[in-house]
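The structure appears below as structure tokens.
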There are 2 protein chains.
Amino acid sequence: MSRTSDDSAPKKTRIQERREKLVLDCALEAFATNGFHGTTIDQIAAKADLSKPNVLYYFKSKEDIYLSLLQRTLEGWLDPFIAIDVAGDPMTELEAYVLAKMDMSFDQPLPSRLFAIEVMSGATQMKQSMRTTLRAIVDEKAAVFQTWMDQGKLKPVDPHHLIFSIWSVTQHYADFAVQIECLLDKPPNRALAKAAVIDILLRGLRVN
Amino acid sequence: MSRTSDDSAPKKTRIQERREKLVLDCALEAFATNGFHGTTIDQIAAKADLSKPNVLYYFKSKEDIYLSLLQRTLEGWLDPFIAIDVAGDPMTELEAYVLAKMDMSFDQPLPSRLFAIEVMSGATQMKQSMRTTLRAIVDEKAAVFQTWMDQGKLKPVDPHHLIFSIWSVTQHYADFAVQIECLLDKPPNRALAKAAVIDILLRGLRVN
DNA sequence: GTCTATAATATGATAGAC
DNA sequence: GTCTATCATATTATAGAC
């Protein structure tokens, strides 16, 4: 009961935070493949090597786990996108962004899949923030692209659809990894994939 | 019990076929948004305006409905891809394919979503056919693209990854329709989307 | 904090009348 | 062929001992 070592508002001990992170990590693995309904608390508990009531001691319900996970996932998702700098060289900025997304897809496919399943299920939990927060950021970056095109630094193309294309192609390597592995010799050649995607998405934008 | 009007092996009456199609149509709507586990037979029955036992009279289990649906969906999926003709003009063939896929995404997003959810869930039911049938077709078309590039009719790029890019960008408009609607003014401008996608995916391939 | 036991509910599937 | 009623099971969540 002592709180001498605590310092912030949410009075969580170190072990609590560690347990919660453990549960979320295990839940991510389950939710990202089987979706919300296809995942049971038993599965999560088994992965985390905890009992089911113990999991529900840290999260009050399955939905609570899911929502916490979704929020945690969204936090890191936009970082490389926001990092696109209008003052930088357009092709350099775009290449860096595409490569960052490709690395995310290969290194951490699960958050991408969780996100995809959530959106395909109607995105009940995220629609509001997509219409406001996400939309504001997307519009801002679309304006950056438009500026570059107006300056003659990029060939003209609709900026919003360019963003969608970059997202879809890069995330495809996470979301459809199973299919890609069936169609290519395993293990997939990451360097080849990254070079090809850069070629396909950005070559048409280059101004001589 | 009369079979005078029947002609083929599966002795189904016309009304049976109609009912089965009705169930599959309603099931598609449910499975494509909520996945296998998120969908109940009750939901399907309600949509079809049938009782639950009546649905199970036509399909012996929920899994039976799901698998039948998956098979039906896959049948039409590859048609426009197979139609790509090595003897045709490369840019014309590619444009026709991309536009066909875009129309499919806008007009029939549900099969695409069903497919996507299945793949993200591990594609237990389809892995085998992806490794054999689909892979053969993909390799064949990749060879067609390679031929065109060798002939100098297309700028060189890895053909397999080009196929993945086309799939991902076009199907994105079906699978992530909810997100796109949040980020663009509704209703989405189809002509603009199609033109932009053609630009982004194919402009870099054009040889002057 | 963690467990076993269990309540409460949802759902797949079947039995049997009509 | 279609229905109501029901069984059997799985799963969320809680109660209460330790």
Side-chain angles (χ1 to χ4, degrees), chain A residues 1-6 10-31 33-70 117 121 124-125, chain B residues 1-6 10-31 33-70 117 121 124-125:
Chain A
M1 280 295 191
S2 77
R3 61 187 62 171
T4 48
S5 58
D6 274 1
K11 42 194 173 187
K12 287 179 188 172
T13 69
R14 202 159 305 166
I15 193 170
Q16 270 177 328
E17 281 180 9
R18 201 168 302 173
R19 280 268 201 272
E20 287 184 10
K21 187 184 180 310
L22 172 68
V23 171
L24 288 182
D25 289 340
C26 295
L28 172 60
E29 208 177 319
F31 283 131
T33 30
N34 302 119
F36 180 78
H37 296 284
T39 299
T40 67
I41 302 180
D42 266 329
Q43 293 168 16
I44 299 171
K47 274 185 211 289
D49 205 25
L50 298 172
S51 69
K52 180 161 53 174
N54 201 0
V55 169
L56 288 171
Y57 170 79
Y58 291 103
F59 297 88
K60 76 169 198 285
S61 67
K62 189 170 91 162
E63 192 174 15
D64 187 25
I65 303 177
Y66 185 72
L67 294 182
S68 300
L69 191 56
L70 215 53
I117 289 179
S121 301
T124 319
Q125 311 295 345
Chain B
M1 279 295 189
S2 78
R3 61 185 63 172
T4 49
S5 58
D6 275 1
K11 41 190 174 188
K12 287 179 187 172
T13 69
R14 201 162 304 166
I15 194 168
Q16 270 178 330
E17 282 180 9
R18 202 169 300 175
R19 280 269 201 270
E20 287 184 9
K21 187 183 181 309
L22 172 69
V23 170
L24 287 181
D25 289 340
C26 295
L28 171 61
E29 208 177 320
F31 283 131
T33 26
N34 303 119
F36 180 77
H37 296 284
T39 299
T40 68
I41 303 179
D42 267 330
Q43 293 168 16
I44 298 172
K47 273 185 213 290
D49 205 25
L50 298 171
S51 70
K52 180 160 56 172
N54 200 2
V55 168
L56 288 170
Y57 169 79
Y58 290 103
F59 296 89
K60 76 170 198 284
S61 67
K62 188 169 92 161
E63 192 173 16
D64 187 24
I65 304 177
Y66 185 72
L67 293 182
S68 301
L69 192 56
L70 215 52
I117 289 180
S121 301
T124 320
Q125 311 295 344

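In what follows, every chain begins at residue 1, and chains take the letters A, B, ... in the order their sequences are listed. What you see is a predicted model, and the numbers here were worked out from it, not measured in a lab.
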Would you kindly give the [atom1]-to-[atom2] distance between [X] and [N], to the nearest whole Å?
X: A/K62; N: D/dT11; atom1: NZ; atom2: P; value: 9 Å
X: B/K52; N: D/dT4; atom1: NZ; atom2: C1'; value: 12 Å
X: A/D42; N: D/dT12; atom1: CG; atom2: P; value: 7 Å
X: A/L56; N: D/dT12; atom1: CG; atom2: P; value: 9 Å
X: A/I41; N: D/dT12; atom1: CD1; atom2: P; value: 5 Å

Straight-line distance of [X] [atom1] to [Y] [atom2], nearest 0.5 Å:
X: B/D49; Y: B/L22; atom1: CG; atom2: CG; result: 8.5 Å
X: A/I44; Y: A/K52; atom1: CD1; atom2: NZ; result: 11.0 Å
X: B/E29; Y: B/Q43; atom1: CD; atom2: CD; result: 10.5 Å

Determine whether a donor-acceptor pair (N or O, by modelled atom type, separation under 3.5 Å) exists between the side chain of A/T33 and the backbone of B/S121.
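No; judged by distance alone, with no hydrogens or angles, the pair does not exist.
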Main chain of B/D25, side chain of B/K47: is a donor-acceptor contact present, judged purely on distance under 3.5 Å?
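Side chain of B/K47 to backbone of B/D25, a donor-acceptor pair under 3.5 Å: no, none is there.
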Base, sugar-phosphate, or nothing for B/Q16, non-hydrogen atoms under 4.0 angstrom?
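Sugar-phosphate only.
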A/F59 near the nucleic acid: base, sugar-phosphate alone, or nothing, with a heavy-atom cut-off under 4.0 Å?
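Nothing, no nucleic acid heavy atom in range.
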Please identify the 5'-most and 3'-most nucleotides of DNA chain C with any atom under 4.0 angstrom from a heavy atom of chain B.
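The protein-touched segment is C/dT11 to C/dT14.
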Starting at the 5' end of DNA chain D, which residue's closest nucleotide do you reach first, B/P53 or B/I15?
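Taking each residue's closest nucleotide, the earlier one in sequence belongs to B/I15.
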Run through A/L69, A/L70, A/L24 and flag the one making a side-chain contact (heavy atoms from CB on, under 4.5 Å) with A/F31.
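When side-chain contact (heavy atoms from CB on, under 4.5 Å) is applied between A/F31 and each of A/L69, A/L70, A/L24, only A/L69 qualifies.
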